[in-house]
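Whatever order the structure lists them in is the order used to number ligands and atoms, beginning at 1. Not measured: the values here are computed from a predicted model.
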Amino acid sequence: MTKIMPQPGILEIAPYVGGASHVEGVSNVIKLSSNENPFGPSDAAKEAFSRAVHELHRYPSTDHAGLRKAIAEVHGLEAGRIVCGVGSDEILSLLCQAYAGPGDEVIHTEHGFAIYKIAALSNGATPVEVRERERVTDVDAILSACTDATKLVFVANPNNPTGTMIGEAELTRLADGLPPQAMLVLDGAYAEYVDGYDGGASLVESRDNVVMTRTFSKLYGLGGLRVGWGYAPVQVIDVINRIRGPFNLSQAALVTAEAAMRDTAWADKCRAENTRLRAWLAEALAEHGVVSDTSTANFVLARFADKAQAEACDTYLQANGLIVRRVASYKLPNCLRITVGDEPGCRRVAHAVGQFMGAGGSGAEP
Ligand SMILES: *Cc1c(COP(=O)(O)O)cnc(C)c1O
């Protein structure tokens with residue numbers, strides 16, 4: 001018998017399962033399972049990526065100065081408080097690695113993103129799940145779950161897969177109510193979709209216990225490139241920079257993300273289309289008897305009568321070339337998360353859900 005064992009916690013991790021991208025035997029498939037931008041990245045970003053091919057023999061920048069400058073200018077932030085990572089996933093993991101270990105508690109919400117628990121367990125910390133109120137982050141529940149061992153509190157705002165969010169006053173109350181050794185991590189993967197919301201940047205600037213994470217994977221259409229960033233107090237940035245890989249981001253990723261960040265016209269167009277089509281999709285589903293909470297992100301969480309109906313609808317959609325996301329692992333077995341696609345995609349999925357529900361919602365052929 002081998003005595004070689006991984007660190008405590010690691011074997012408790014349920015491996016992350018990504019959104020499916022194909023259905024056996026079905027062509028003309030539309031993927032609405034990973035909250036990707038249906039319009040893809042901006043032309044400027046694609047051109048920057050093509051140009052980067054000539055520099056592949058060079059090591060990338062280690063300080064990410066160009067990308068941090070672009071982010072700072074576009075968002076009105078301080079470049080010295082920005083750190084870039086291999087997707088925001090890497091920033092979330094680095095925060096756990098730096099601030100939470102054996103004996104420490106890491107809070108995440110009931111329907112929170114799977115990576116929080118994985119990152120906590122990877123570092124031997126104890127994940128603590130806190131209930132939500134009707135699929136909305138509950139600040140009071142989080143504050144009462146805090147103990148002397150709480151080191152990190154992860155809140156996605158807007159949240160995935162619920163699509164709901166809480167306002168600035170609630171976020172401030174949460175930050176101010178935490179015990180002194182705990183840090184609030186605001187995951188702003190979908191912040192760009194919310195008009196007038198800074199993702200928590202002003203809270204980061206006015207407090208020393210708040211970190212914001214952002215990504216190029218959603219609005220910027222660069223999920224395949226793996227670029228995210230964090231905005232944090234300088235002492236946290238200093239800590240993260242000590243442990244992150246010096247060459248964590250390739251030069252191709254850095255220059256492409258920089259071009260994407262500066263192409264604000266493309267981002268604005270994608271945001272406007274998402275807002276328009278999200279409202280259309282939610283209403284079309286409701287007309288077919290499938291309700292959802294008001295979404296603030298680029299997906300709709302469709303609620304069915306029960307788990308059996310949600311699964312039957314998913315099976316029906318797959319047979320019709322539409323891939324959406326089951327979210328039973330997020331304790332939402334009666335729901336399906338549907339990414340807001342382009343207009344034909346939205347029409348196709350709404351039509352198929354309508355056919356399914358019209359046939360009695362049991363999966364029988366209409
Ligand atoms: C998609 C998503 C992310 C982004 O992950 P990346 O590693 O940046 O691709 C982070 N948090 C939540 C809640 C997400 O849904």
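Under the side-chain hydrogen bond (donor to acceptor under 3.5 Å, both in side chains) test applied with Lys331, the options Glu110, Glu129, Glu132 reduce to a single match, Glu129.
Aromatic rings from Phe154 and Phe113 are positioned such that their centres are separated by 6.0 Å or more.
Nearest protein neighbour of atom 11 (N) of ligand 1, counting heavy atoms only, is Asp187 OD2, 2.6 Å. What sits closest to atom 7 (O) of ligand 1 on the protein, heavy atoms only, is Arg226 NH2, 2.7 Å. What sits closest to atom 4 (C) of ligand 1 on the protein, heavy atoms only, is Ser88 OG, 3.2 Å.
The nearest pair of heavy atoms linking Gly163 to Pro158 is O-CB, 4.3 Å. In terms of heavy atoms, Asp293 sits closest to Arg135 at OD2-NE, 2.6 Å.
Distance alone, capped at 3.5 Å, is enough to place a donor-acceptor pair between the Tyr330 side chain and the Ala114 backbone.
Of all the heavy atoms of Asp89, the ones lying under 4.0 Å from any atom of ligand 1 are found in both the backbone and the side chain.
The nearest non-hydrogen atom to atom 15 (O) of ligand 1, considering only Tyr190, Phe216, Trp229, Phe113, comes from Tyr190. Which of Lys218, Glu90, Arg337 comes nearest to atom 2 (C) of ligand 1 through a heavy atom is settled by distance: it is Lys218.
At a cut-off of 3.5 Å, with distance as the only test, no side-chain donor of Gln251 or Tyr59 sits close to an acceptor on the other residue.
In terms of polar-atom proximity, Thr215 is counted as a contact of ligand 1, with an N or O under 3.5 Å from an N or O of the ligand.
Expressed to the nearest 0.5 Å, how far CG of Asn274 lies from CZ of Arg276 amounts to 10.5 Å.
Of all the atoms in ligand 1, the ones that sit under 4.0 Å from a non-hydrogen atom of Asn160 are 13 (C), 14 (C), 15 (O). Close contacts of ligand 1 with Gly87, meaning ligand atoms under 4.0 Å from a residue heavy atom, involve 6 (P), 7 (O), 8 (O). Proximity to Ala189 (heavy-atom distance under 4.0 Å) selects the following atoms of ligand 1: 2 (C), 3 (C), 10 (C), 11 (N), 12 (C), 14 (C). Remark: ligand 1 atoms within the under-4.0 Å shell around heavy atoms of Ser217 are 6 (P), 8 (O), 9 (O).
Under 4.0 Å is where a charged nitrogen must lie from a carboxylate oxygen, and between Arg226 and Glu90 no such pair does.
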